[in-house]
Amino acid sequence: MTKPVDPQGGSKPADKPWFDPAAPFIRQSSHNNDVAIIGGGIAGASCCHALNQLGIGTTLFEQHGTLAQGASGNPIGMLEPYVTADNSLSGQFYEAGYQHSSNLVRRLLAEGKDVEAAFCGVLSLPANPRDATRQQAIRERLSLAPKVDGATAVQPLDQKSASDVLGLTVPTGGLFYQDAGWVNPPSLCKLLAEQATIQQGIQIARITPLQGGGARLHNQQGSPVGDFGAVIIAGAMETAHFAQTTWMRDYMIALRGQISWFSNNVLGDLNVNCVLSHKGYLTPERAGMHVFGATFDRHANNTDITENDHAANIAQLALAVPDLAARLHPGALGGRAGLRTTTPDHLPMIGPAPDYDAYLAAYPDLDKGRYYARYCSAPYHKHVYVCTGFGARGMIGAPLAATIIARQINGDAPSLPPLVQEALHPARYIVRAIKRGLLAP
């Protein structure tokens, strides 16, 4: 392909070399496995599955005694489409992510795998006039979209029809995603990691590069636990604990969230036929319990269960189904709290780990707008990747993110449009800060 011509006489290099793909790793017999994955939640387990599907071996390190002990340990995670009215980059990623996760869970069910899930539909209600306007725009966008296999199926419902579908009286109509539903995250994590070598109760504290490529992992005592061809850090907020990724601390936000649950006996003559999504959510029965919530608190980092948060969840539920909320009392509820990791632009960080200092040295004058400057390719920590920052959307984001990273490690072409890939790239925050004159070497 002919390169674009620089008006000053030269040939123009890649437009955005700071987002160049990383070099694929090469298997070496000296490594005791191909890829190490740090973190046993939905992100880490999904990375195991995506790599194993490509024939690449994995070892999964989880600091707790079992998998899915963080936010991925909730009893129910929604498989709900994330559709934006303007088809934004975040909408493109999470809509593709929903389809990927939905297809994955359906395939596992069809194969008779032991994953707990139900595609009972999700009723999405507007929480305020702005939401109602957004839902109308979504209806118009989806009605104009080409009808293709796998497209998001949505049915607009009036107030009575919405109440009939849910089984509870709701104050307004909404959108019904009839092909959506829920999944039990721990059961999914266990299945996705079933082909991996699992090392539980081991906290990785340090990653050191090896001559010729790959990395050596060390535990908290400083002892090496193995040599690997590549490493994926998928440990939520723990991502910032490593020397290669400590700079990400400024772009990672911990959100405490508490869910609540009540016994099916509380319903009496009421029913919950599908997942309800409003300002919060409510699920159908699983193991005799219904889950609802959740709180969002960026000013707390504990996972204690509090009656105040139960009360907040009840108050939130009352906006959509007051008849049910009136039967609930904070002291009679069960619950669970966890920390979700999100980012300032609400998109995850997916891809090779940028070498922060090398980026500052390589691209010091991006704020000067030198479009034809000769920049080098992106400087990364060789064969180190990150997969974090999904917030409350891990179920519809992490499996697709894992596929993106697996393809990068394997040297395959990207599966998403370039602008979406760039929006997910961990280096985006460094590049933005340099362009705004906020960082200097």
Side-chain angles (χ1 to χ4, degrees), residues 41-47 49-50 68 70-84 90-125 135 138 142 149-155 157 165-166 174-193 257 259 261 272-287 289-294 336 338 340 342 346 348 390-404:
I42 186 61
S46 295
C47 288
H49 179 76
S72 299
N74 286 347
I76 284 186
M78 287 198 298
L79 287 174
E80 177 189 14
Y82 178 82
V83 185
T84 57
S90 63
Q92 290 180 54
F93 170 69
Y94 279 115
E95 193 166 346
Y98 163 74
Q99 294 295 345
H100 183 92
S101 294
S102 177
N103 292 338
L104 172 63
V105 174
R106 288 179 186 276
R107 177 173 59 79
L108 293 172
L109 289 172
E111 293 173 354
K113 300 290 187 179
D114 189 19
V115 57
E116 292 185 67
F119 290 92
C120 53
V122 173
L123 175 63
S124 178
L125 299 183
Q135 285 201 354
I138 289 172
L142 294 181
D149 291 342
T152 300
V154 60
Q155 180 182 1
L157 300 177
V165 163
L166 178 63
L175 300 179
F176 183 54
Y177 298 98
Q178 56 260 46
D179 296 330
W182 60 266
V183 63
N184 170 249
S187 70
L188 181 59
C189 289
K190 181 180 178 181
L191 272 178
L192 295 180
I259 59 173
W261 57 70
V272 181
N273 300 324
C274 65
V275 176
L276 170 64
S277 174
H278 55 110
K279 189 174 181 181
Y281 65 89
L282 168 69
T283 73
E285 179 268 338
R286 173 195 170 268
M289 309 298 290
H290 295 263
V291 178
F292 67 104
R336 187 177 188 277
R340 318 174 189 92
T342 188
H346 305 292
F390 300 94
R393 302 190 182 102
M395 284 298 110
I396 64 168
L400 177 59
T403 299
I404 292 170

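All values reported here derive from a predicted model rather than from experimental measurement.
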Strictly distance-based, threshold 3.5 Å: is any side-chain N or O of Glu80 a donor or acceptor partner for the main-chain N or O of Tyr177? no
CG (Asp179) and OH (Tyr98) are apart, to the nearest 0.5 Å, by 6.0 Å
Rounding to 0.5 Å, atoms CZ (Phe292) and CH2 (Trp261) come to a distance of 11.0 Å
Short side-chain donor-acceptor distance under 3.5 Å, Glu116 and Ser187: no
Does any non-hydrogen side-chain atom of Asn74 lie less than 4.5 Å from one of Arg336?
-> yes
| Does the side chain of Asn273 reach to within under 4.5 Å of the side chain of Pro284, using non-hydrogen atoms? | no
Between Asn184 and Ile76 (side chain of the first, backbone of the second, donor and acceptor by atom type, cut-off under 3.5 Å), is there such a pair? no
Mind checking whether Leu192 and Ile42 have side chains closer than 4.5 Å, heavy atoms only?
yes
The reported gap from OG in Ser102 to CD1 in Ile396 (rounded to nearest 0.5 angstrom) is 11.0 Å
Between Gly394 and Pro399 the two heavy atoms that sit nearest each other are O-CD, 3.6 Å
Check your understanding: Does some side-chain heavy atom of Phe119 sit less than 4.5 Å from a side-chain heavy atom of Leu109?
Key -> yes
All heavy atoms of Phe390 vs all of Tyr94, minimum pair found to be O-OH, 3.7 Å
Exactly one candidate in Leu175, Leu157, Leu276 meets side chain to side chain contact (heavy atoms under 4.5 Å, CB included) with Leu125; the answer is Leu276
